[in-house]
There are 4 protein chains.
Amino acid sequence: MVRPRFHKLAVARQEHILNAALSEFAAHGFADASLNRIIDAAGISKGSMYYYFDGKEDLYTHVIRDRLERLLGGAGPFPVPPAGTPDEFWSSLTELYLRLMKVLLTSPEVAALLRGWLSGGGAPSVSTAQQEAEQATLPWLLGTLAVGQEIGAVRTDLPTDLLLALVMSLGQVIDIWLIRQPPASADLDRTVRTLIDVIRRAVAPD
Amino acid sequence: MVRPRFHKLAVARQEHILNAALSEFAAHGFADASLNRIIDAAGISKGSMYYYFDGKEDLYTHVIRDRLERLLGGAGPFPVPPAGTPDEFWSSLTELYLRLMKVLLTSPEVAALLRGWLSGGGAPSVSTAQQEAEQATLPWLLGTLAVGQEIGAVRTDLPTDLLLALVMSLGQVIDIWLIRQPPASADLDRTVRTLIDVIRRAVAPD
Amino acid sequence: MVRPRFHKLAVARQEHILNAALSEFAAHGFADASLNRIIDAAGISKGSMYYYFDGKEDLYTHVIRDRLERLLGGAGPFPVPPAGTPDEFWSSLTELYLRLMKVLLTSPEVAALLRGWLSGGGAPSVSTAQQEAEQATLPWLLGTLAVGQEIGAVRTDLPTDLLLALVMSLGQVIDIWLIRQPPASADLDRTVRTLIDVIRRAVAPD
Amino acid sequence: MVRPRFHKLAVARQEHILNAALSEFAAHGFADASLNRIIDAAGISKGSMYYYFDGKEDLYTHVIRDRLERLLGGAGPFPVPPAGTPDEFWSSLTELYLRLMKVLLTSPEVAALLRGWLSGGGAPSVSTAQQEAEQATLPWLLGTLAVGQEIGAVRTDLPTDLLLALVMSLGQVIDIWLIRQPPASADLDRTVRTLIDVIRRAVAPD
DNA sequence: AATGAATGAGAGTTCATTCAT
DNA sequence: GATGAATGAACTCTCATTCAT
């Protein structure tokens with residue numbers, strides 16, 4: 001866990017450190033990221049880094065959590081879509097996703113970090129970070145799925161975890177595809193609507 | 001490229017080495033795998049490893065290719081489904097996938113290797129292996145998608161690369177989910193059919 | 001570049017490390033020198049070596065520069081001989097060289113290092129060190145040659161680079177010969193004077 | 001020592017092997033040359049190499065000796081200049097050197113090998129080769145110097161070994177300079193004559 | 001006569017982490 | 001509260017040599 005000490009630093013200093021870590025993790029992934037490079041870029045001592053964080057994984061965990069929170073915050077509140085007709089549900093989700101993507105497209109490094117984190121796999125040492133981060137993201141998604149199932153917008157014949165994995169995976173593909181080749185701003189709406197529709201078809205009931 | 005010398009070894013010895021590599025790569029992914037651990041497990045000297053293979057990447061490439069070939073070989077031929085009605089197309093695919101999964105479930109390590117390989121990302125140094133392997137896998141998938149589009153079983157309003165990414169991603173989720181919690185053999189059929197249906201819905205035309 | 005950290009070490013410790021490196025480089029040349037042997041002799045860890053220096057070449061560069069500076073410093077200033085008659089020019093050079101050799105003879109290892117460095121050739125990777133060191137040595141020699149040409153003490157019918165190479169080569173032979181079989185101190189003066197005269201004959205005008 | 005077995009090979013095969021070794025040694029010098037690369041280039045097995053030669057150094061020794069002999073042979077006989085006037089002595093030497101350089105310029109690899117060998121320095125392990133090769137070359141040079149001294153063309157106030165070193169060093173500089181920037185064939189004569197004259201001045205008596 | 005499989009020591013380099021100050 | 005010196009294990013890769021066949 002991040003030591004509380006870290007948050008006593010001047011905010012600008014915190015930012016500087018987290019940005020350095022963000023760049024490194026986004027560029028190389030967790031395993032191949034180098035703490036040495038991070039502290040060089042951040043301009044802090046190695047001792048300080050270990051004074052603020054428990055270690056490499058702890059830093060990674062914190063960067064992810066912090067950046068995702070900020071991202072989600074910047075996109076405005078992410079309310080679980082209110083109950084209503086399935087059409088209303090999906091259109092509400094689409095708007096949400098559009099907002100999210102617009103923010104994501106402005107921050108390629110966070111996007112890269114997110115991608116690396118979502119793809120998971122690899123080092124078991126990060127599983128802690130994974131689990132924690134998932135615990136921060138999933139409740140919303142789970143809530144949304146639950147609402148969707150209640151109002152008949154989401155199929156109920158699949159285990160929840162599989163449903164979740166399918167949605168996240170499709171979302172990830174769409175994220176990556178959009179980030180790699182961002183459509184002209186004018187096309188973004190149309191494209192995202194089509195892609196959300198793909199998810200809808202996959203998880204809508206018969 | 002694997003040196004021909006390797007194939008002159010007793011088959012059991014080849015197997016022993018490849019199994020050691022398979023375990024390591026499956027457990028840690030390419031970047032975090034350790035050649036030292038592999039040679040320890042294989043019981044050969046470092047010099048011998050480099051006598052057989054050009055290096056880490058070469059070994060990785062070979063393990064993947066060898067294991068996938070064996071896997072696909074064991075599952076029988078993978079013909080592109082013949083043209084016909086969309087229903088025939090999808091049911092043909094389902095049978096195919098069932099066969100594949102049955103084999104995959106018998107070999108969790110190959111499955112893990114496959115997973116790590118599919119998720120790609122990470123080290124650019126493995127791109128060679130990636131590209132070669134993709135060149136071995138993609139033509140079939142592309143061919144299948146093309147046939148599906150011809151006979152009206154697959155939508156044509158999305159770019160081919162996105163369509164491909166969606167299908168592969170869904171397939172991967174399903175793979176992982178099935179491998180993690182293999183259903184009772186009796187349920188496998190039903191489950192796979194449902195999951196293939198998810199893919200069908202996502203990529204079928206309106 | 002040597003990391004500043006190195007210079008924060010106790011001087012005795014710095015000396016110990018540099019001496020270990022000096023011995024190794026003097027005995028084996030750059031390419032065949034072993035960092036492992038150096039750290040063993042220096043009694044420091046491999047990590048520390050890389051904490052102080054950027055790598056093998058960096059260490060080599062530093063040892064050379066440091067030792068040469070010390071050597072040249074110990075021999076006093078090396079002024080370009082002032083304009084005057086050719087006889088004055090050559091006699092001034094002779095005195096200079098005598099001083100230099102007396103210092104050099106007290107430090108066979110630096111002499112060996114210098115020899116290996118002067119002969120250059122070999123690894124292209126050391127070119128950086130070479131160039132830097134040459135940039136430190138050559139200006140003086142070039143300036144001296146130029147003065148000699150101005151006052152008619154040095155021939156002008158050969159390209160400068162060839163002239164330079166001839167002088168350096170003769171000087172090197174003389175260095176090596178003197179170092180290998182140092183004449184009785186009493187004879188040193190006479191011998192050096194004769195040898196400088198050899199150079200003079202080679203490069204004096206008709 | 002080269003095993004006699006080597007000379008029982010077909011001459012073409014011997015040539016092939018020696019050429020491969022020549023290229024490698026010329027390109028990397030002794031220490032950094034790789035036996036593995038040599039046998040790859042030569043297309044022979046590692047076992048064979050060790051069947052023909054005692055090891056790396058033995059091969060090096062043999063290549064040098066063989067190539068130099070051939071070079072000297074190709075340039076025609078190298079008679080020790082007959083006694084006569086000093087002018088005749090030096091002009092005879094000049095003609096000899098001209099012939100030698102013309103051959104040398106046609107074979108850059110032998111030239112590179114020669115350069116690396118002459119500069120000596122470095123690995124003590126090659127000293128054997130050095131000594132042997134010197135023993136093949138020196139007698140002629142010594143004889144020539146002796147004749148020169150007899151007829152008053154060469155100074156007698158310097159130890160023979162120093163005289164030798166001076167002459168060889170100057171010759172080497174000239175070799176390297178000529179090889180690096182070969183003058184137009186028309187200029188070669190004039191340039192060589194000037195350079196030989198430099199040597200003459202250095203070692204002629206007062 | 002000839003092969004090539006096998007080796008182990010060694011190369012230079014990077015790393016996350018510790019801890020005395 | 002903060003530092004940075006110091007470490008040793010681990011990394012991938014290359015090498016000349018041996019020897020059973």
Side-chain angles (χ1 to χ4, degrees), chain A residues 3 5-6 8-9 13 31-40 44-60 125, chain B residues 3-6 8-10 13 31-40 43-59 125, chain C residues 3-6 8-10 13 31-40 43-60 125, chain D residues 3 5-6 8-9 13 31-40 44-59 125:
Chain A
R3 313 275 174 83
R5 308 150 173 176
F6 179 67
K8 292 183 183 166
L9 291 179
R13 201 165 152 76
D32 293 339
S34 161
L35 261 190
N36 285 346
R37 281 193 295 255
I38 293 177
I39 65 167
D40 280 353
I44 65 171
S45 72
K46 197 168 280 196
S48 294
M49 181 60 90
Y50 276 87
Y51 185 65
Y52 300 138
F53 297 94
D54 253 0
K56 191 185 186 183
E57 185 185 340
D58 187 35
L59 173 62
Y60 182 66
S125 66
Chain B
R3 312 273 175 84
R5 310 149 172 173
F6 180 66
K8 292 182 182 166
L9 292 180
R13 200 164 155 76
D32 293 339
S34 160
L35 264 188
N36 283 348
R37 282 193 294 255
I38 294 177
I39 66 171
D40 281 353
I44 64 173
S45 70
K46 197 170 287 193
S48 292
M49 181 58 91
Y50 277 87
Y51 186 65
Y52 300 139
F53 298 93
D54 254 359
K56 191 186 188 183
E57 184 183 342
D58 188 35
L59 175 60
S125 64
Chain C
R3 312 272 174 83
R5 309 148 170 175
F6 179 67
K8 293 183 182 167
L9 292 180
R13 202 165 153 75
D32 293 339
S34 160
L35 264 187
N36 282 349
R37 281 192 296 255
I38 293 176
I39 65 171
D40 281 353
I44 64 173
S45 71
K46 198 171 285 196
S48 293
M49 181 58 92
Y50 277 87
Y51 186 65
Y52 301 138
F53 298 94
D54 253 359
K56 191 186 187 183
E57 185 184 342
D58 188 36
L59 174 61
Y60 182 65
S125 65
Chain D
R3 312 274 173 85
R5 309 151 172 172
F6 180 66
K8 293 183 182 166
L9 291 179
R13 201 165 152 77
D32 293 338
S34 161
L35 260 190
N36 285 345
R37 282 193 294 256
I38 293 177
I39 64 167
D40 280 354
I44 65 171
S45 72
K46 197 168 280 195
S48 294
M49 182 60 92
Y50 277 86
Y51 185 66
Y52 301 138
F53 298 93
D54 254 359
K56 191 185 186 183
E57 185 186 339
D58 188 36
L59 174 62
S125 66

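By convention in this document, chain letters (A, B, ...) are assigned in the order of the sequence lines, proteins followed by strands, and residues within each chain are numbered from 1. As the structure is a prediction and not an experimental result, all values here were calculated from the model.
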Stepwise side chain to side chain contact (heavy atoms under 4.5 Å, CB included) check, A/Leu35 with A/Lys46: CA-CA 8 Å; A/Leu35 261 190; A/Lys46 197 168 280 196; over 6 Å; no
Worked verdict on A/Arg13 versus A/Ile44 for side chain to side chain contact (heavy atoms under 4.5 Å, CB included): CA-CA 10 Å; A/Arg13 201 165 152 76; A/Ile44 65 171; 3.9 Å; yes
Base of E/dA5 paired with side chain of B/Tyr51 (donor-acceptor, under 3.5 Å): yes
Euclidean distance, atom CZ of residue A/Phe53 to atom C1' of E/dT18 [Å, nearest integer]: 18 Å
N/O (side chain, C/Asn36) to phosphate O (OP1/OP2, E/dA11) under 4.0 Å: yes
Closest heavy-atom pair and its distance - A/Asp58, A/Asp54: OD2-N, 2.8 Å
Rounded distance (Å) that lies between atom P of E/dT14 and atom CG of B/Asp32: 18 Å
Nearest-angstrom distance from the residue atom CE of A/Met49 to C1' of E/dT18: 16 Å
Residue met sooner reading DNA chain E from 5', once B/Ile44 and A/Lys56 are mapped to nucleotides: B/Ile44
Length of the CG-C1' vector between C/Leu59 and E/dA11, whole Å: 15 Å
Upstream residue (5' side of DNA chain F) when C/Ser48 and D/Asp54 are each assigned their closest nucleotide: C/Ser48
Whole-Å distance separating the CZ atom of D/Phe6 from the C1' atom of E/dA1: 15 Å
Atom-pair distance (CZ on A/Arg13; P on F/dA2), nearest Å: 7 Å
Sugar-phosphate only, base, or nothing, as touched by D/Tyr52 at under 4.0 Å among non-hydrogen atoms: sugar-phosphate
F/dT17 phosphate, OP1 or OP2, under 4.0 Å from D/Tyr50 side-chain N/O: yes
Nearest heavy atoms of C/Asp32 and D/Ala31, plus distance in Å: OD2-CB, 2.9 Å
Which nucleotide in E/dA5, F/dA16, F/dC11 has an atom nearest any side-chain atom of B/Arg5: E/dA5
Complementary nucleotide for F/dA20 - Watson-Crick or wobble, under 3.5 Å: E/dT3
Presence of A/Ser45 side-chain N/O under 4.0 Å of F/dA2 phosphate oxygens OP1/OP2: no
Option passing side chain to side chain contact (heavy atoms under 4.5 Å, CB included) with A/Leu59 (candidates A/Phe6, A/Tyr50, A/Phe53, A/Tyr52): A/Phe53
For atom CZ of A/Arg37 and atom C1' of E/dC15, their distance in whole Å: 10 Å
Donor-acceptor pair under 3.5 Å, D/Lys46 side chain vs F/dT17 base: yes
Interatomic distance where CD1 belongs to A/Ile38 and C1' belongs to E/dC15 [whole Å]: 13 Å
Base paired to F/dT14 (Watson-Crick or G-U; both N/O distances under 3.5 angstrom): E/dA9
Upstream residue (5' side of DNA chain E) when B/Gly43 and A/Gly55 are each assigned their closest nucleotide: B/Gly43
